[in-house]
Amino acid sequence: MAIPTALRFVEPQALAYRRTWRASVVSNFLNPVLYLLAMGAGLGTLVDESADPSGMGISYLAWLGPGLLAAQAMQTGAGESSFPIMAGFKWRKSYVAVMNTPLDATDIFVSTYVWIVVRVLQVSAIYAAVLVAFGVTEPLGAVLGTLTATLTGAAFATPIMAFTSRLEDDTGLSHLFRFGVVPLFLFSGTFFPISQLPELVRPLAYATPLWHGVELSRSVALGMETTFPWWASVGFLVIWAVVGAIFALPQFRRRLVV
Amino acid sequence: MGEPLVEARNLTKRFGTFTAVDSVDFTIERGEVFGFLGPNGAGKSSTMRMIGATSPITEGQLKVFGLDPNADGREIRARLGVVPQEDMLDEELTVTDNLTIYGRYFSLPRSVIKPRVDELLEFAQLTEKRDAKVEALSGGMKRRLTIARALISNPELVILDEPTTGLDPQARHVLWDRLYRLKQRGATLIITTHYMDEAEQLCDRLVVMDGGRIAAEGSPAELIDRHATPEVLEVRLDVDDHAGREADFAGIGSRTEVLADRILLYVEHADEALQEVRAKGIIPAATVKRRAGLEDVFLHLTGRTLVD
């Protein structure tokens with residue numbers, strides 16, 4: 001059966017990934033191991049002596065793990081929807097080359113997004129497996145956590161694709177990571193509850209997709225209560241993904257059809 | 001001949017207020033090699049991209065395979081092979097992977113792609129490089145791979161946008177040989193170039209474009225016949241600037257063209273013309289006698305040399 005045109009650009013990305021998959025899987029595995037050892041098991045012993053962030057009597061390691069899972073998904077989603085997109089338009093021009101085939105700009109957009117989601121899913125699954133190995137969650141919690149994390153990454157990918165597809169060079173991308181991704185990583189309830197944030201900036205955290213992703217991941221991995229109903233957070237992430245796509249897709253067309 | 005493969009009437013492309021292609025007409029028949037000749041910025045690439053159904057037409061009519069590129073782009077592109085100006089290959093993948101992936105965009109099953117890749121590697125003289133990464137190839141090899149890539153879907157029409165620009169003479173000749181073979185197999189080719197020798201060698205018919213318009217159309221021989229004389233005498237004088245010196249040559253040949261460093265006399269016989277020049281008491285610093293070529297046609301039509 002023929003692959004629909006909207007998905008035909010996935011296979012070449014997978015083929016290109018095949019060249020580096022070993023290094024990628026190793027780093028996707030080492031990253032959570034190192035973070036959980038240093039932050040969870042190391043720093044966490046100090047935290048556990050003085051505080052109980054969950055209010056549930058669980059260790060800091062267990063509390064941190066699902067948050068990191070979501071944060072990692074955001075970083076993967078952001079990474080995959082920034083520099084590779086720039087390369088497709090400008091550096092390698094693979095998108096421009098593909099425009100000479102039966103595929104069109106929409107197909108390229110859809111395939112690129114699908115591949116980003118696949119990559120986030122893969123990284124999240126490895127992360128979740130490491131969480132099981134650390135005794136943070138049960139396998140079922142890991143599977144559900146993989147899904148909530150993937151949704152988190154998917155919610156970041158489309159707005160960042162929209163952002164990247166407007167850029168002429170990569171200085172905008174450094175700003176994106178320095179002033180967007182890194183602060184979110186630090187202040188979205190991953191490392192400490194946002195109740196610790198000044199009351200004034202707390203609504204800001206509610207507005208970011210990462211905080212919702214962290215909430216959902218903790219909820220499915222640890223059975224913690226969420227601040228808002230789970231479906232509201234899921235809906236919020238879906239809205240980010242959809243609105244991002246609404247901006248990104250015309251931008252792809254404008255850039256590729258001239 | 002049947003229905004033409006490409007038919008343009010008043011074809012126009014504008015970018016904002018800039019008119020890149022200005023109401024051009026042309027018809028390309030099945031089985032011919034059709035050239036677009038012109039300097040950079042003449043509108044060649046924009047025309048190619050409209051034919052290739054990747055750039056919407058602004059005004060006028062364009063039919064490719066009898067289809068409308070603005071409406072049936074996908075179907076047109078499925079039947080085309082495009083060699084863009086830039087190779088845009090996947091540098092980090094192997095030669096074979098590049099061909100295979102491209103075939104997959106056309107929804108070809110792997111069982112069809114595999115033998116075709118072998119055949120195209122042979123054609124592009126890249127069989128020994130089949131497992132090499134593209135980044136390790138020379139410019140000429142990359143160009144041949146780009147041509148092989150465009151042929152993976154067995155296209156009815158191949159569009160080549162400046163296929164030999166930037167290559168060394170050796171690589172250009174190898175490429176011309178490959179294109180000539182394609183032509184002999186009966187492929188329809190559209191080639192843009194700013195090399196006169198390339199156009200003369202390969203094209204059955206061509207148009208000269210300048211400033212978005214078509215300045216002339218015909219076979220290379222027809223164009224030379226129509227816009228130039230059989231021979232040209234190039235005269236270099238012992239002066240800094242040749243401007244204003246054409247009056248010295250009045251009465252010799254049918255036309256003169258003054259360049260910065262020499263004067264071109266369009267004549268029937270260069271030998272006789274040289275005698276007439278000497279008879280006028282002019283002592284040239286150097287002379288060249290040659291047959292007229294497309295370059296002369298271009299000079300005549302656009303009033304400038306084809307060097308940018």
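Reminder, nothing fancy here: chain letters follow the sequence lines and each chain counts from 1. Note that the coordinates shown come from a computational prediction; the quantities given were computed from them, not determined experimentally. Every heavy atom of this structure was used, including side-chain atoms; hydrogens, water molecules and symmetry mates were not.
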- Task: Compute whether any side-chain donor of one residue and acceptor of the other, for A:T101 and B:R77, lie under 3.5 angstrom apart.
- Result: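 Judged by distance alone, the side chains do not pair up.
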
Side-chain contact test, heavy atoms from C-beta onward, threshold under 4.5 Å: evaluate it for [X] versus [Y] and give yes or no.
X: A:P12; Y: B:Y102; value: no
X: B:E86; Y: A:K93; value: yes
X: B:P84; Y: A:N100; value: yes
X: B:R74; Y: A:D104; value: yes
X: A:I3; Y: B:R104; value: yes

- Message: Is there a side-chain contact (heavy atoms from CB on, under 4.5 Å) between B:I101 and A:Q13? Walk through the geometry before answering.
- Response: CA-CA 10 Å; B:I101 282 176; A:Q13 295 179 88; over 6 Å; no

Heavy-atom contact with chain A under 4.5 Å, split by part of [X]:
X: B:E92; value: both
X: B:E75; value: neither
X: B:R49; value: side chain

More than 12 heavy atoms from other groups under 6.0 Å of [atom1] on [X]:
X: A:F177; atom1: CZ; answer: yes
X: B:K63; atom1: NZ; answer: yes
X: A:R166; atom1: CZ; answer: no
X: B:K142; atom1: NZ; answer: yes
X: A:F29; atom1: CZ; answer: no
X: B:F15; atom1: CZ; answer: yes

- Query: Got a second to check how far A:S94's OG is from B:L93's CG, nearest 0.5 Å?
  - Reply: 10.0 Å

- Message: Nearest 0.5 angstrom please: B:Y105 OH to A:M99 CE, how far?
- Response: 12.5 Å

- Query: Between B:R79, B:R149, B:R110, which has the largest tally of heavy atom pairs under 4.5 Å with chain A?
  - Reply: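 Result: the option with the highest number of such pairs is B:R110.
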
- Side-chain donor/acceptor of B:S55 to backbone N/O of A:V258, under 3.5 Å: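 The answer is yes, because a donor-acceptor pair under 3.5 Å joins these two groups.
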
- Item | Which atoms of A:R19 approach chain B - backbone, side chain, both or neither, heavy atom under 4.5 Å |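 Just the side chain, heavy atoms under 4.5 Å.
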
- Do you know which of A:P102, A:A16, A:A97 has the most heavy-atom pairs under 4.5 Å to chain B? A:P102

